[in-house]
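Not measured: the values here are computed from a predicted model.
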Amino acid sequence: MNHWIATDLDGTLFSRAWAADDAIPATWRVESGKGDRIPSSWMRPDTHLTMTALQRIATLVPVTARDAESFARVDIPGLPLPGPAVIANGAVILDSEGRPDPLWE
């Protein structure tokens with residue numbers, strides 16, 4: 001078991017406002033009718049570099065107000081965040097596989 005780093009997502013790791021040319025896509029929406037994934041928020045390159053370095057020595061634990069459906073749209077290249085996670089303002093805890101933790105339930 002390694003160390004854990006809890007981090008907020010929206011406004012901390014990524015934001016809709018950071019859509020610069022060098023920004024990393026962080027969340028996605030599906031275009032109705034076509035099914036294509038379109039980025040809907042972005043991460044700054046320096047934040048991406050920091051978080052990918054930190055994940056080598058610790059488990060990143062997202063803590064967010066997002067519900068499960070919204071959290072499932074988080075997909076950052078090189079930064080797997082399926083779980084553990086604290087979502088829905090702490091109402092749902094996801095295990096390391098991204099499923100609701102049975103002990104928490």
Side-chain angles (χ1 to χ4, degrees):
M1 177 135 214
N2 61 2
H3 299 286
W4 287 21
I5 297 174
T7 183
D8 182 38
L9 296 179
D10 300 289
T12 302
L13 289 191
F14 50 76
S15 170
R16 292 184 197 280
W18 297 338
D21 290 338
D22 60 349
I24 312 296
T27 63
W28 303 81
R29 64 179 174 82
V30 176
E31 187 174 2
S32 60
K34 293 184 178 181
D36 295 337
R37 284 184 2 143
I38 300 170
S40 56
S41 64
W42 295 265
M43 177 182 275
R44 295 174 190 233
D46 57 339
T47 301
H48 186 262
L49 182 65
T50 300
M51 298 313 281
T52 54
L54 287 173
Q55 79 173 352
R56 293 186 194 115
I57 60 169
T59 298
L60 301 179
V61 180
V63 179
T64 182
R66 289 172 173 260
D67 60 18
E69 181 181 331
S70 178
F71 182 68
R73 293 192 298 267
V74 175
D75 184 12
I76 305 167
L79 198 60
L81 296 173
V86 179
I87 64 173
N89 287 324
V92 178
I93 307 295
L94 302 179
D95 65 16
S96 61
E97 302 298 319
R99 297 178 302 236
D101 186 294
L103 292 174
W104 176 256
E105 293 283 312

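- When all heavy atoms of W18 and A23 are compared, the closest pair comes out as O-CB, 3.0 Å.
- Atom CG in D101 sits 9.0 Å away from atom OG in S96 (nearest 0.5 Å).
- Atom-to-atom distance recorded for F14:CZ and I24:CD1 is 13.0 Å, nearest 0.5 angstrom.
- W104 places a side-chain N or O within donor-acceptor distance of the main-chain N or O of A91, the cut-off being under 3.5 Å.
- Side-chain atoms of S40 and T27 include a donor-acceptor pair closer than 3.5 Å.
- Between the E97 side chain and the P82 main chain, no donor and acceptor come within less than 3.5 Å of each other.
- A 4.5 Å side-chain heavy-atom check between T12 and T7 finds at least one atom pair inside the cut-off.
- For the atom pair CH2 (W28) and CZ (R73), the distance works out to 13.5 Å, reported to the nearest 0.5 Å.
- P39 and P25 make their closest contact through CB-CB, 4.0 Å (heavy atoms, listed as atom of the first residue, atom of the second, distance).
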Practice problem: Please report the C-alpha distance between L54 and L60 in whole Å, then the side-chain angles of each, then the deciding distance to 0.1 Å, and finally whether the side chain to side chain contact (heavy atoms under 4.5 Å, CB included) criterion is met. | Solution: CA-CA 8 Å; L54 287 173; L60 301 179; 4.3 Å; yes

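- Distance alone, capped at 3.5 Å, places no donor-acceptor pair between the H48 side chain and the L13 backbone.
- Linking ILVMFWY residues whenever their side-chain heavy atoms come closer than 4.5 Å, directly or via other members, leaves I76 and V63 in distinct clusters.
- In this structure, the separation between CG on D46 and CE on M51 is 11.5 Å, given to the nearest 0.5 Å.
- Between P100 and L94 the shortest side-chain heavy-atom distance falls below 4.5 Å.
- Looking at T52, its side chain does come within 3.5 Å of a backbone N or O of L49 through a donor-acceptor pair.
- For CD of E31, the number of neighbouring non-hydrogen atoms (other residues, nucleotides, ligands) closer than 6.0 Å is greater than 12.
- Among all heavy-atom pairs drawn from F71 and L81, the shortest one is CZ-O, 3.1 Å.
- Here the straight-line distance linking atom OG of S41 with atom CG of L9 works out to 9.0 Å at 0.5 Å rounding.
- Looking only at distances, no side-chain donor or acceptor of S70 sits under 3.5 Å from a matching main-chain atom of R66.
- Atoms OG1 and NE2, from T59 and H3 in turn, are 10.0 Å apart once rounded to the nearest 0.5 Å.
- Contact check on D75 versus R37 returns a salt bridge, with a Lys/Arg side-chain nitrogen under 4.0 Å from an Asp/Glu carboxylate oxygen.
- Side chains of D10 and T64 form a contact here, defined as non-hydrogen atoms less than 4.5 Å apart.
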